[in-house]
Every structure is written in C-alpha cells, then in structure tokens.
Amino acid sequence: MEYQEAKDKFISTWGSLGTLWGINKAMAQIQSLLFISIKPLSMEEIMAELKISRGNTSMNLRQLMDWGIVTKELIPGERKEYFSTEKDVQELARHIAKERSRREIKPVIKVLKDVSSIKDDGTEKTRELIKQTKALHDLAETADAMMNKIVNQEQTWITKSLLKLIK
C-alpha cells in the first residue's frame, strides 16, 4: 500500500470511528488529518484535503477546539490561522474521556440522582422506580469515577505493566 492510499484509508476509518467517541465523521476526519500531519494545517489545506466545505470545516474545528484536542497555531509572517492536534495518543484519550464524561455521563448521573430521590409515596411502582434508578445512578457514578482515575493516571511503570497485562 502506498502512502496516499494508506493515508486515505486511515482518515476514512478514523472518521467512521468518530461516532464511538461522540463526534461526527467530518470532525473525526479533520482530527485524524491533523494527527498524521507533520505541520499545522490551514483551514484551506484541510478543506482541500478532505473535500469539505468552509462552513463544515470551520464548525468542526471550533468543536474540536472546544473538546481541547485541536489548537490554533500562529505562524510568524502568516495571516492565515493554522491548526494542530494533540499527538500523544494517551493524552488524546484522556482529553476525549474527560470531555465525554463532562458532556454525557455527568448529566445522566444528575438526572438519575434526581429521579431516584423522589418522594416515596408508598406505591410499588414508585419504590421500583426509586430502586432501579438508584442502582443505575450508583453504577454510573462508580464507572465514571473509575474512568476518571484511569484517565488521570500518569503513565507510570505500574500503569504500563497493567496495560501490558490487558493486551
């Protein structure tokens, strides 16, 4: 496989996987293009490479910056804005996990807490609602806490050894 075919395949596959981390295909493709780029890219370069519109590129770059995985770079003597992404895979995973927790898991935990805290009117259906939503709340809170501990862990020899055991 030649470079261009491999590059296209990587960008396409990463774009398809984007939905797994809660982003759209174009957003994932932009991030993957920046991830394998040897230099920061301008919006025009991204548009040309991925064959997407200025509006789509602009909107997705803004969202990637909101996620904290793409940054704007200033290049001396250039008027254009350039963009780059986090190159460390572990750090990238940490950013994504933290952001997904903040955007998706924490709001669900709050709703489950609110619902499981309703007044028990003594009916069987209310007790069942409280019981099940409390169990889901506890599970979601525990899973979120465990995920946060894992993603906040530095890559010490212990973490690396555990990761080797999992592989």
Notebook entry, point to check: Is the shortest side-chain N to carboxylate O distance from Asp114 to Lys110 below 4.0 Å?
Noted result: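 Yes, charged N to carboxylate O under 4.0 Å.
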Check: Any Lys/Arg nitrogen of Arg94 or Glu86 sitting under 4.0 Å from an Asp/Glu carboxylate oxygen of the other?
Finding: no
Count I, L, V, M, F, W, Y as connected when their side-chain heavy atoms are under 4.5 Å apart, and connections chain through other members. Are [X] and [Y] then in the same cluster?
| X | Y | value |
| --- | --- | --- |
| Ile36 | Leu50 | yes |
| Ile69 | Val89 | yes |
| Ile118 | Val108 | no |
| Leu74 | Met65 | no |

For [X] and [Y], work out which heavy atoms get closest and say how close.
| X | Y | answer |
| --- | --- | --- |
| Ser116 | Ile130 | O-CG2, 3.4 Å |
| Gly18 | Ala28 | CA-CB, 3.7 Å |
| Pro107 | Ser101 | CD-O, 4.2 Å |
| Ala140 | Ile105 | O-CG2, 4.5 Å |
| Ile109 | His137 | O-CD2, 3.3 Å |

Checklist line | Any donor-acceptor pair under 3.5 Å from Thr13 side chain to Lys9 backbone | finding: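 A pair under 3.5 Å: yes.
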Next item on the list: Taking Thr142 for its side chain and Asp138 for its backbone only, find out whether a donor-acceptor pair lies under 3.5 Å.
Entry: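 Side chain of Thr142 to backbone of Asp138: a pair is present.
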Are the side chains of [Y] and [X] in contact, using a 4.5 Å heavy-atom criterion?
| X | Y | value |
| --- | --- | --- |
| Lys125 | Glu128 | no |
| Ser42 | Tyr82 | yes |
| Arg54 | Met43 | yes |
| Leu92 | Phe35 | yes |
| Arg103 | Asp66 | yes |
| Met27 | Trp67 | yes |
| Leu34 | Val70 | yes |

Hey, is [atom1] on [X] packed in by over 12 heavy atoms from elsewhere, all under 6.0 Å?
| X | atom1 | result |
| --- | --- | --- |
| Gln4 | CD | yes |
| Lys39 | NZ | yes |
| Lys7 | NZ | yes |

Rounded to the nearest 0.5 Å, what separation is found between the [atom1] atom of [X] and the [atom2] atom of [Y]?
| X | Y | atom1 | atom2 | answer |
| --- | --- | --- | --- | --- |
| Ile30 | Lys25 | CD1 | NZ | 13.0 Å |
| Arg62 | Lys72 | CZ | NZ | 9.0 Å |
| Leu129 | Lys134 | CG | NZ | 13.5 Å |
| Glu141 | Leu136 | CD | CG | 12.5 Å |
| Ser58 | Met47 | OG | CE | 10.0 Å |
| Leu61 | Leu41 | CG | CG | 9.5 Å |

Notebook entry, point to check: Only one of Arg100, Lys106, Lys98, Arg102 forms a salt bridge (Lys or Arg N to Asp or Glu O under 4.0 Å) with Asp144, so which one is it?
Noted result: Lys106
